[in-house]
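Take a look at the structure below.
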Amino acid sequence: MAGTLIGVRWQAREARRMRREQYDREDRLRNLDERRALYARFAQATDEVEDAQHDLASAFAKMSVTETPEEQQSAELRKTQMIVQHANKITPLYQLLWELELIAPTAVVDAARSVDDAIGNATGFDLPDEIYKAKLAFIAQARADLGLPGL
């Protein structure tokens with residue numbers, strides 16, 4: 001009788017352990033899928049900011065020479081509109097950066113901060129080379145975190 005009782009308790013404990021292992025495995029896979037999607041969204045947002053930075057630099061270069069006060073006022077209005085559009089591209093990137101802070105390992109977060117730094121250091125006339133390089137470093141860290149081979 002005692003042997004049967006011990007056997008039943010052992011089986012129940014073993015079943016709980018197996019369920020816990022299965023849950024942990026599924027949780028890791030869910031987390032991996034969430035990180036993969038977040039990494040892709042961050043890289044895409046970086047592309048959009050990089051494009052916007054390039055467009056802004058090109059537009060500012062073209063607007064630098066005006067002849068009349070009306071043209072100058074019109075150019076200033078267009079510059080302001082472009083800066084607002086550029087800011088609207090950057091905002092989602094910052095939201096994604098906060099999400100990365102919550103879910104990604106330190107190496108990936110550091111690489112994402114480097115992207116943010118490159119964007120912050122770029123001026124209106126810089127081509128986005130530093131942003132591009134920082135983005136590639138982020139992608140390399142993200143791939144390493146996901147267990148994928150390098151670029």
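From a predicted model like this one, the values you see are computed outputs, not experimental measurements. Numbers here simply count residues along the sequence, with the first being 1.
- Under a 4.0 Å N-O distance rule, the pair E130/K135 does not qualify as a salt bridge.
- For the atom pair N121 CG and S114 OG, the distance stands at 10.5 Å (nearest 0.5 Å).
- Taking CG of L32 as the reference point, atom OH of Y39 lies at 8.5 Å (rounded to 0.5 Å).
- To the nearest 0.5 Å, atom CG of residue L93 and atom CD1 of residue I119 are 4.5 Å apart.
- Between D110 and R113 there is a salt bridge, since at least one side-chain N of the basic residue sits less than 4.0 Å from a carboxylate O of the acidic one.
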Report task. Quick one: do L38 and F42 satisfy side-chain contact (heavy atoms from CB on, under 4.5 Å)? Show the steps, please. Result -> CA-CA 6 Å; L38 179 57; F42 185 83; 5.5 Å; no

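- Once rounded to the nearest 0.5 Å, the distance linking CG of D129 with NZ of K133 reads 6.0 Å.
- We find the CD1-CZ distance between I139 and R143 to be 9.0 Å, quoted to the nearest 0.5 Å.
- Considering all non-hydrogen atoms of both residues, R41 and L96 come closest at O-CD1, 3.4 Å.
- Between A43 and F138, the shortest heavy-atom contact is N-CE2, 4.3 Å.
- Distance check: T106 OG1 to L100 CG gives 12.0 Å after rounding to the nearest 0.5 Å.
- Between the side chain of D145 and the backbone N or O of Q141 there is no donor-acceptor pair closer than 3.5 Å.
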